[in-house]
Amino acid sequence: MVLSFFTDLFQQDFMLRALLAGLILGVLAPVIGSIVVIRRLSFIADTLGHFSLVGISVSLFLSTLGISIFFERPLYLGILFSVVGGLLVELFRRSYKNYKEISMVIVISIGAALSAIFFSLSKKTGSLYNYLFGSILTITNYYVILILITAVIVFALFIIFGKQIVAVSFEESNAKMLGVNVGLFQFLFMIMLSIVVSVLLESVGVLLISSMMIIPVAAAMKVGWSYKSTTIIAIVFSELSVFFGLWMAYSFTIPSGAAIVSINVILLMAISFIKKIRSRKLVKKEPITNESAE
Amino acid sequence: MQIDVHNLSFSYGHRTVIDSLSLSLSSGDYLVIRGKNGTGKSTFIKCLLGMNPVKNGMIFYDHQDINYFKEWTCLGYVSQKFEDFNYEFPITVNEFLSVSSLRKTSQSNRLKALDQMGILELLNQNINNLSGGELQRTFIARSMLNDPKLLILDEPTASIDKLSTEYFFKAVNQLNLQGVTIILVTHNESLGHLNYSHVLTMFSDGTNTFQTRDRCDLSEVDF
Ligand SMILES: Nc1ncnc2c1ncn2[C@@H]1O[C@H](COP(=O)(O)OP(=O)(O)O)[C@@H](O)[C@H]1O
Ligand SMILES: [Mg+2]
């Protein structure tokens, strides 16, 4: 049962597709995630995810009415709604300047309520489970290609504008002096995030999007010594989680998104634990001297 | 860079922090802004940087209205507080400097800026692990990296030791002699060590005085 994962991996098309999709998302999620973390927007992925879900439920609802939009692919309306959610966050943010997270809670609530309503109206509550927890093992070719295109676009943007993206994320107030239009940057970043979130939603589910983006980064931050090393370590953690998560999901028939995130969390805890032990040892070996107090 | 400020007023809500401020600087001038805490020095700087919208009065850079000004990359700025900066994510000083400059600055350019601030050994340090003073010097080095035409420094030496302060003012003088316009904020009473050409004094009721000083005579510092 455990070993059949490896044989099936190369005999079953769906396994290969799942692995391929997972490995691409495994790079994409922490790369975007690190910028999200730096910009202190960890909650926004969840917010956009919930709004993406509204788009999906509306799309399903419309199709029961016989109205087909975006070729019956709910994902696209999901992306559109995700962008709308992002704009709403900005809007509410203006009225709660010092409590920015309030705006996200408001938008998440609207998103959850609306998607519940439209899912029930569309009488497709059965598919809700997949959207909540993901279904990477049932992913189609169409979808794998879409993920690949998203990844290529995001990486191209990072190669061309990486400097500006990193600099402005660390410090928005200096953006002007770097010749970056902050408003435009925020807007484009939100669109990029909306697309990535919507793509992640179909594979890992709305409840686990931010985990996939944030947890590997959170673990890497504990051991990274530079921006570059932290990002690379986050990608490695993320890929390990995808691979072993898929193995777990297949071998024990548990939801794939949940399995991937569980491994992520285990890695994070292991890193925190090891780091704590090591720093304790260091303190014991090198008692603090007065040398540095000069 | 030529800077003209005409009758600038600024208030937070009903509280007027700047009351009709006017001044004029030419390329290569060195303005010191002084005043007690809370007199609006940083507020004025934020007007100059376009972070506070200018509604009453006007600011011109090289005769261009600030609202239409585009060449912000000619400015270098060291903020008084670094609260805007997100520290917790690891990034080395070297990485920080290289993403902070638009042009492909060579490693030697970065090394020179760090050396000027006496923090060459911090090159590969994680910014998270720097002390307040080291951080401030890193930001100062960053502001010099892009060869700015105007350098705006808001109490840049507030948290660094005496020797680095000396280094820093020497470097500022050097840049000023090369034609860079300097605007320096200080709440320090003694300006004896600064080779400034103009001084703007701000008071807590929003008023201010603007004076020109003969630079050849360093002994004459009028308070
Ligand atoms: N964003 C703000 N909103 C409201 N009041 C402010 C804000 N920033 C500064 N102030 C107030 O304006 C006054 C001038 O502040 P500031 O320009 O920082 O003074 P300085 O830099 O001279 O110490 C202070 O009383 C301060 O409390
Ligand atoms: Mg100030």
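Naming: A, B, ... by sequence-line order, numbering from 1 per chain. Everything quoted here is computed from the prediction, not taken from an experiment.
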_Side chain / backbone / both / neither for B:Gln125 at chain A, heavy atoms under 4.5 Å_ = neither
*In terms of heavy-atom proximity below 4.5 Å to chain A, should B:Phe69 be classed as side chain, backbone, both, or neither?*
neither
*Any donor-acceptor pair under 3.5 Å linking the side chain of B:Lys70 with the backbone of A:Gly179?*
no
*Proximity breakdown for A:Val217 and chain B, heavy-atom pairs closer than 4.5 Å*: side chain
*Pick whichever of B:Asn126, B:Thr73, B:Val93, B:Leu49 has the most heavy-atom pairs under 4.5 Å with chain A.*
B:Thr73
*Please tell me if the side chains of B:Thr92 and A:Lys228 come closer than 4.5 Å, counting only heavy atoms from C-beta onward.*
no
*Within a reach of under 6.0 Å around CD of B:Gln178, are more than 12 heavy atoms found that belong to other residues, nucleotides or ligands?*
yes
_So for B:Ile127, is it side chain, backbone, both, or neither that comes closer than 4.5 Å to the heavy atoms of chain A?_
neither
*Does the B:Glu95 side chain pair with the main chain of A:Ser226, one donor and one acceptor, at a distance under 3.5 Å?*
no
*Taking atom CZ of A:Phe273 as the centre, report whether more than 12 heavy atoms of other residues, nucleotides or ligands fall under 6.0 Å from it.*
no
*If you measure from CG on B:Asn146 to CG on A:Leu178, what distance do you get to the nearest 0.5 Å?*
7.0 Å
*Could B:Arg142 and A:Glu171 be called an ion pair, given the rule that one side-chain N must be under 4.0 Å from one carboxylate O?*
yes
*asked:* Is there a ring-ring contact (aromatic ring centres under 6.0 Å, His included) between B:Phe89 and A:Tyr227? Walk through the geometry before answering.
replied: CA-CA 7 Å; B:Phe89 199 96; A:Tyr227 179 80; 5.6 Å; yes
*asked:* Taking B:Ser100's backbone N and O only, do any of them form a donor-acceptor pair with A:Lys163's side chain (distance below 3.5 Å, no angle check)?
replied: no
*Check the surroundings of atom NZ in B:Lys46: do more than 12 heavy atoms from other residues, nucleotides or ligands lie under 6.0 Å from it?*
no
